[in-house]
Amino acid sequence: MRAVLLLSLILPLSIARAQGLQLEPYAFQARDGRGVQAELGTVTVPLRHARPEGPGLPLRFVRFKSTSPSPAAPIVYLAGGPGGSGIEAARGVRFELFLALREVADVIALDQRGTGQSNPHPDLEQRWAIPLEQRMDEALLTTTVKKAAAEASRTWATAGVDLGAYTTEENADDLEVLRKALGAPKLNLWGISYGTHLGLAYLRRHGQRVDHVILAGIEGPDDTWKRPAHAEALLDRWEAVLRAEGERGPGLKARLAKLLKSLKREPRTVAFTDPAKGERHTCRVSHFDLQRATFESLRDPATFRRFLTLLPALEAGDYAPMAPFARQLREGGLEPMSVAMDAASGVSPARHALIEREAAKALLGGSANPGALRAGDVPGVSDLGESFRGPLKAAVPVLLISGTLDGRTSPDNAEALRPGLSRTAHLVLVGAGHDGLFQSDPRILERMKAFLKGEALRDERLEVKAKP
């Protein structure tokens with residue numbers, strides 16, 4: 001059965017060309033039970049675009065037909081991750097956005113190569129873990145993840161995975177195949193997080209085929225590795241937010257610094273019961289565990305506020321609340337697409353040196369890029385190089401959307417792009433995190449629709465209310 005599945009997903013390109021674009025009626029259902037009539041599409045792309053005579057890979061997507069009598073260029077949604085499914089994103093909290101944007105054009109929820117229904121190897125996750133009893137630090141985490149990636153690459157190669165085919169450039173060229181298959185002169189791009197990284201690659205490679213671009217939570221060409229200074233600045237913003245809400249005392253950063261100093265001097269041993277299995281475990285909580293828990297919680301305001309509720313217990317010497325965090329952050333899974341995409345995008349020497357300098361003096365140390373992998377760590381993956389990561393120039397209209405409390409993609413990432421983008425507007429959402437960049441305020445959708453309809457927008461700051 002598995003062999004049949006793989007044969008159906010990886011086809012000779014001659015067969016793929018004969019098939020062309022396939023569309024069929026599809027009753028699309030969101031996770032909350034709501035439904036809408038749509039189309040389920042398949043287009044086959046070369047597994048390696050430089051080898052068009054080689055094997056092909058079918059990509060699946062859902063097309064929501066436009067309600068406009070004169071639709072604009074199709075809007076292609078580019079999910080984050082890398083590894084996120086566009087089709088599944090449309091089933092979740094963004095369902096209404098997909099439907100609303102039909103007012104402008106057809107809206108396409110794409111499963112990128114190696115994701116969702118476009119993944120020919122859905123069962124190849126490689127797990128890794130660090131024992132709870134062991135003292136955790138950055139070096140141990142990096143060594144563990146690199147070892148797991150090396151083992152995984154051998155397993156994946158045996159299973160027939162061409163890891164070198166999973167790069168953002170191949171992904172971008174898939175969009176061009178999709179555009180041609182749809183018969184569309186141009187595309188509108190709508191991406192978030194890694195989807196912005198992909199959208200910028202398409203803009204660089206096929207800029208003449210782009211109409212408008214919406215990028216939220218921007219990951220620029222050289223932003224795959226995160227800057228510790230951005231996390232440091234976000235802690236400062238949170239400290240100001242908490243002060244404005246009436247908090248008194250030494251301040252957030254001083255409290256964290258004291259806890260981290262204590263843990264660095266003496267890790268704490270915590271006994272806890274696994275709620276799922278009822279088993280007793282012991283966890284040795286280190287200062288790096290707390291650094292990582294802090295950084296990961298910074299992703300979104302609601303998550304960070306939950307983290308803040310733990311601090312009084314830690315300050316009282318009770319580290320039991322850290323056990324669930326340590327467990328979550330000491331294990332994980334590696335999947336071919338996400339590992340290969342990030343490793344191929346890599347990091348420039350200049351940015352890597354900057355990150356090293358910032359991490360050496362940052363309160364959260366090296367927790368911004370835990371276990372980050374480079375091409376040399378993953379056999380079969382090649383680095384895309386400085387031409388991929390270098391400055392980008394384009395004259396198409398670009399709407400940048402950032403959240404001031406986004407702990408993954410700093411607003412600075414968007415500003416860094418602006419010298420090369422001559423027609424930009426930056427919508428800064430004051431109080432929004434990484435996960436609230438589209439839904440946190442109805443005015444965001446109105447700005448998006450106006451932009452896609454050709455209205456010229458200006459830089460703007462919107463106060464939004466984060467959901468608890």
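Below, all heavy atoms of this structure are taken into account, side chains as well, without hydrogens, waters or symmetry copies.
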Taking every heavy atom of Thr144 against every heavy atom of Leu140, the minimum-distance pair comes out as OG1-O, 2.8 Å
Measuring from atom CG of Asp173 to atom CD of Glu170, what distance do you get when rounded to the nearest 0.5 angstrom? 6.5 Å
Side chains of Ser286 and Asp289: any donor to acceptor distance under 3.5 Å? yes
Heavy atoms, side chains only, cut-off 4.5 Å: are Leu182 and Ile108 in contact? yes
Quick check: His352 with Trp225 (ring centres under 6.0 Å apart)? yes
Arg94 and Tyr77: side-chain donor and acceptor closer than 3.5 Å? yes
Asn188 side chain to His212 backbone, donor-acceptor under 3.5 Å: yes
Before accepting this row, confirm whether a basic side-chain N of the pair Arg389/Asp383 lies closer than 4.0 Å to the acidic partner's carboxylate O. yes
Please tell me if the side chains of Leu445 and Gln439 come closer than 4.5 Å, counting only heavy atoms from C-beta onward. no
Taking every non-hydrogen atom, the tightest pair across Phe288 and Leu141: CE2-CD2, 3.9 Å
Decide, yes or no, whether a salt bridge links Arg60 with Asp111 under the criterion of side-chain N to carboxylate O below 4.0 Å. no
Salt-bridge present (Arg227, Glu232; N to O < 4.0 Å): no
Taking Asn413 for the side chain and Ile218 for the main chain, is one N or O donor matched with an acceptor at less than 3.5 Å? yes
Salt bridge check, Arg127 against Glu125: does any charged N sit closer than 4.0 Å to a carboxylate O? yes
Just wondering, more than 12 heavy atoms not from Lys146 lying within 6.0 Å of its NZ? no
Straight-line distance of Leu364 CG to Glu358 CD, nearest 0.5 Å: 12.5 Å
Can you tell me if Ser85 uses its side chain to pair, donor with acceptor, with the backbone of Thr115 under 3.5 Å? no
Determine whether the aromatic ring centres of residues Phe388 and His197 are separated by less than 6.0 angstrom. yes
State, to 0.1 Å, how close Ala344 and Thr167 come at their nearest heavy-atom pair, and which atoms those are. CB-CG2, 4.0 Å
How many angstroms lie between OG1 in Thr44 and CG in Asp174, if you round to the nearest 0.5 Å? 10.5 Å
Carboxylate-amine/guanidinium proximity below 4.0 Å for Arg408 and Asp223: no
Check: Thr142 side chain, Ala139 main-chain N or O, donor-acceptor pair, under 3.5 Å: no
Would you say Arg237's side chain and Thr404's backbone share a donor-acceptor pair under 3.5 angstrom? yes
Apply side-chain contact (heavy atoms from CB on, under 4.5 Å) to Glu151 and Gln126, showing your working. CA-CA 8 Å; Glu151 293 174 354; Gln126 175 85 12; 3.6 Å; yes
Closest approach of Phe98 and Gly86, non-hydrogen atoms and distance? CZ-O, 4.3 Å
If every non-hydrogen atom of Leu200 is compared with every non-hydrogen atom of Gly220, which pair is closest and at what distance? CD1-CA, 3.8 Å
When you measure from the side chain of Asp300 to the backbone of Asp435, do you find a donor-acceptor pair of N or O atoms at a distance under 3.5 Å? yes
When you look at NZ of Lys147, are more than 12 heavy atoms from neighbouring residues, nucleotides or ligands closer to it than 6.0 Å? no
Would you say that more than 12 heavy atoms from the other residues, nucleotides or ligands in this model lie under 6.0 Å from the CD of Glu446, or not? yes
Find the distance between NZ (Lys277) and CG (Asp274) and round it off to the nearest 0.5 Å. 6.5 Å
Would you check if Leu373 and Asp342 make a side-chain contact, meaning some heavy-atom pair closer than 4.5 Å? no
Under the side-chain contact (heavy atoms from CB on, under 4.5 Å) rule, what do Leu132 and Arg327 come out as? Steps first, then yes or no, please. CA-CA 7 Å; Leu132 293 173; Arg327 190 177 183 88; 3.4 Å; yes
Is it true that Glu138 and Arg292 make a salt bridge, defined as a side-chain N closer than 4.0 Å to a carboxylate O? no
Less than 4.5 Å apart, side chain to side chain, heavy atoms only: is that true for Leu40 and Leu23? no
In Å, rounded to the nearest 0.5 Å, how long is the span from CG of Asn171 to CG of Leu59? 8.0 Å
Hey, does Leu437 have a side-chain heavy atom less than 4.5 Å from the side chain of Ser193? no
Pair Arg205 + Glu169, salt bridge at N-O below 4.0 Å: yes
Ile75 vs Leu452 side-chain heavy atoms within contact, under 4.5 Å: yes
Rounded distance (nearest 0.5 Å) linking atom CG of Leu392 with atom CG of Leu203: 5.0 Å
Contact summary for Pro411 and Gly403, nearest pair of heavy atoms: CG-O, 3.5 Å
Asp32/Arg91 salt bridge by N-O under 4.0 Å criterion: no
One thing to verify: whether Glu88 and Arg31 come together as a salt bridge, which I'm taking to mean a side-chain N less than 4.0 angstrom from a carboxylate O. yes
Residues Tyr194 and Thr224: side-chain donor-acceptor under 3.5 angstrom: no
So, does Arg204 use its side chain to make a donor-acceptor pair with the main chain of Lys393 at under 3.5 Å? no
Salt bridge check, Asp406 against Arg299: does any charged N sit closer than 4.0 Å to a carboxylate O? no
Any side-chain to backbone donor/acceptor pair from Thr294 onto Leu290? Under 3.5 Å, distance only. yes
Determine yes or no for a side-chain-to-main-chain donor-acceptor pair under 3.5 angstrom, with Gln29 supplying the side chain and Gly33 the backbone. yes
Do Val339 and Trp156 come close enough that some side-chain heavy atom pair is under 4.5 Å? yes
Could you go through Met448 and Trp190, starting from their C-alpha distance and side-chain angles, then the distance that decides it, and tell me whether this counts as side-chain contact (heavy atoms from CB on, under 4.5 Å)? CA-CA 10 Å; Met448 291 168 59; Trp190 167 32; 3.6 Å; yes
Might you work through the side-chain contact (heavy atoms from CB on, under 4.5 Å) test for Arg179 and Tyr202, ending with a clear yes or no? CA-CA 12 Å; Arg179 181 194 66 78; Tyr202 183 79; 3.7 Å; yes
Where the side chain of Thr196 meets the backbone of Ile192, is there a donor-acceptor pair that is under 3.5 Å apart? no
Contact check, side chains of Ser402 and Leu427, non-hydrogen atoms, under 4.5 Å: no
